[in-house]
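Below: the structure, in structure tokens.
Values reported hereafter were calculated over all heavy atoms of this structure, with side chains retained and with hydrogens, waters and symmetry mates removed. Residue numbers count from 1 along this sequence.
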Amino acid sequence: MNTRRRNKDGDEEDSSPAAVSNNQLPNSFFEMSSPHHQNNHLKQKLEEGRREDRAIAEECSQLHGDRYSIALLLFLYVLQGIPLGLAGSIPLILQSRQISYKEQAMFSLVYWPFSLKLIWAPIVDAVYSSRIGRRKSWLVPMQYLIGFFMLYLSTRVSYLIGDEDPNIEPSVLTLTAIFFMLNFLAATQDIAVDGWALTMLSRENVGYASTCNSVGQTAGFFLGNVLLLALESADFCNQYLRTDPQPRGIVTLKSFLFFWGIVFLITTTLVFIFKREKPHVPGEDDDEESEGIVLAYKQLYRIVTLKSVKSFMAILLTVKIGFAATDSVTTLKLIESGIPKERLALLAVPMIPLQIILPWIISKYTAGPKPLSVFLKAMPFRLFTGILFAYYVYWTPSQKMEGDSFPIYYYILLIMLFAFNQVAVYSMYVAIMSMHARVSDPAMGGTYMTLLNTVTNLGGNWPSTLVLWLVDPLTWKACLGASDTGHDCDSKRQIDQCTAAGGTCHTDIDGYYIEVIVCTIIGFLWLKLRHQEMRRIQDLPEGDWKVRSSNL
């Protein structure tokens with residue numbers, strides 16, 4: 001057995017037990033007492049310490065040159081997460097205003113820009129002003145527009161969500177249009193920042209870009225969603241943050257939008273003035289840039305015409321139907337049952353360590369040649385979780401105590417249920433991402449993997465919008481005890497009219513439970529019918545996923 005190894009400086013040394021013993025331990029008491037041995041041993045330790053210090057110093061010096069760039073990237077991704085967090089908080093706010101599920105379906109369209117950004121990403125990469133900079137040509141105007149949109153929205157949001165006049169229903173169509181544009185701008189900013197990260201950081205530190213992306217977006221979403229909902233709630237602030245109760249929270253949606261609108265404008269101006277891009281060398285990439293847009297769209301066409309990709313895309317576009325009702329409607333139903341929206345948002349906090357740890361654990365099982373095997377094993381558990389969530393929603397009203405509060409054990413059980421669901425969700429997510437990485441053709445650059453990620457996102461968006469739209473048509477409600485007849489309970493206005501007539505709205509059949517049952521059945525049927533197809537796809541040879549070089 002060869003016991004020679006190389007140390008971190010490239011020198012060869014013996015790692016056998018005897019050698020380790022001879023190098024580190026004295027043979028006898030006398031040798032231990034020998035000044036000659038002590039000096040040699042001390043010199044060896046000092047030399048090892050110097051080597052470690054040099055390695056640490058070299059790593060620190062490499063990082064030191066990019067520290068400000070890493071901080072800037074992190075901040076840009078935080079800004080990007082703010083509109084996403086806001087878009088995630090609005091449905092919870094609107095649900096407490098008793099809007100219809102058809103209106104929730106309309107608002108769900110605001111998430112689509114991040115799923116469709118591949119359509120205009122080649123334009124962002126290829127069209128720019130060399131005077132301003134390739135990435136700043138898009139980053140600066142996008143962030144200015146986001147700031148102006150937020151400032152405008154801060155003047156109108158109280159009216160649009162129905163806070164100023166309880167008799168006026170929220171203007172969901174206007175909110176949808178504004179937040180769709182906000183997310184479109186944020187998605188375009190994401191394309192520019194992703195591209196800038198590759199040139200802003202040195203080659204040694206470019207790996208930090210993905211860390212900045214995940215940490216920054218998560219932090220931004222947390223600020224725009226969890227923190228906003230908590231500080232906007234008067235009940236939460238009065239219970240945990242104040243000694244004297246007040247009728248409003250510490251922060252309002254209006255003040256939050258105004259603050260971040262100003263932050264966007266100021267920081268964008270500073271980036272525009274002080275942050276320089278690496279100078280463009282004339283003629284270096286001119287030919288590639290002039291053909292970049294056409295080439296990118298040609299690559300997309302050639303990828304989607306591959307037989308293997310067509311089969312895989314069909315799977316990605318339909319696999320999430322089974323979870324659509326659970327993922328899209330459950331949280332809204334819990335709010336409808338009386339759970340405060342800010343408490344539901346805060347349940348995301350104990351999930352953060354789990355979301356960090358799970359991908360590392362699961363990736364050990366998806367790193368091999370058959371990542372979809374993990375996906376297939378996790379899917380039944382996730383479908384079963386949907387049934388558990390439906391029962392939990394049904395059980396929730398019976399747990400309400402005086403003062404519309406809920407016992408602590410209710411929230412503990414809910415956290416456990418969320419955690420169980422997260423294990424299944426991340427098992428499937430990591431498995432799919434591993435499959436994308438395994439089959440993507442390196443000759444296509446990032447276009448191949450971006451296309452698969454886009455299709456995966458679309459596969460979650462369209463079922464979500466559909467099930468939200470179908471909740472109301474599948475729900476049967478009746479106005480009972482009213483002084484006159486002819487009252488419906490399909491909207492907030494109709495519910496108020498029923499109440500004014502002395503009646504109460506009673507739900508005979510809740511469309512949510514119908515959807516959960518139907519989606520779960522579809523999910524298990526899908527698993528039975530597509531199980532072999534998924535195994536066939538992951539067993540396809542590498543050549544079936546490659547675009548022929550003669551077609552490039």
Is it true that the side chains of [X] and [Y] contain a donor and an acceptor less than 3.5 Å apart?
X      : Y      : result
Tyr512 : Glu336 : no
Ser337 : Thr396 : no
Ser129 : Ser137 : no
Tyr77  : Thr218 : no
Gln95  : Tyr101 : yes

Got a donor-acceptor contact below 3.5 angstrom from the [X] side chain to the [Y] backbone?
X      : Y      : answer
Thr155 : Tyr152 : yes
Ser363 : Trp360 : yes
Gln189 : Leu76  : yes
Thr330 : Asp327 : no

Just do the ring pair (Phe, Tyr, Trp, His ring centres under 6.0 Å) check on Phe418 and Tyr411 with the steps written out, would you?
CA-CA 10 Å; Phe418 272 124; Tyr411 289 107; over 10 Å; no

Quick one: which of Leu253, Leu344, Val251, Ile93 gives a side-chain contact (heavy atoms from CB on, under 4.5 Å) with Leu229?
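The option that passes is Ile93.
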
With a cut-off of 6.0 Å (strictly less than), are more than 12 heavy atoms of other residues, nucleotides or ligands near CZ of Phe406?
yes

Any chance OH of Tyr429 has more than 12 other-residue heavy atoms, nucleotides or ligands included, within less than 6.0 Å?
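For Tyr429, atom OH is not crowded (no more than 12 foreign heavy atoms under 6.0 Å).
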
Which pairs would a plain distance check flag for residues 114-123, meaning a side-chain donor or acceptor within less than 3.5 Å of a matching protein atom at least two apart in sequence or in another chain?
| unit_1 | atom_1 | unit_2 | atom_2 | d |
| --- | --- | --- | --- | --- |
| Ser115 | OG | Asn461 | ND2 | 2.6 |
| Lys117 | NZ | Asp190 | OD2 | 2.2 |
| Trp120 | NE1 | Thr188 | OG1 | 3.1 |

Under 30°, 30 to 60°, or over 60°: which ring-plane class applies to Tyr240 and Phe236, parallel, tilted or perpendicular?
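It falls in the tilted class, 30° to 60°.
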
Measure the acute angle between the ring planes of Trp260 and Phe256, then classify it against the limits of 30° and 60° as parallel, tilted or perpendicular.
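Trp260 vs Phe256 ring planes: tilted.
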
Does the pair Arg343/Asp235 count as a salt bridge with the N-to-O cut at 4.0 Å?
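So Arg343 does not pair with Asp235 through a salt bridge.
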
Side-chain donor-acceptor pairs under 3.5 Å in residues 171-184, sequence neighbours left out?
| unit_1 | atom_1 | unit_2 | atom_2 | d |
| --- | --- | --- | --- | --- |
| Ser171 | OG | Thr174 | OG1 | 2.9 |
| Thr176 | OG1 | Val172 | O | 2.7 |
| Asn183 | ND2 | Val110 | O | 2.8 |

Among all residues two or more places apart in sequence or in another chain, which pass the disulfide bond (SG atoms under 2.5 Å apart) test with Cys505?
Cys489

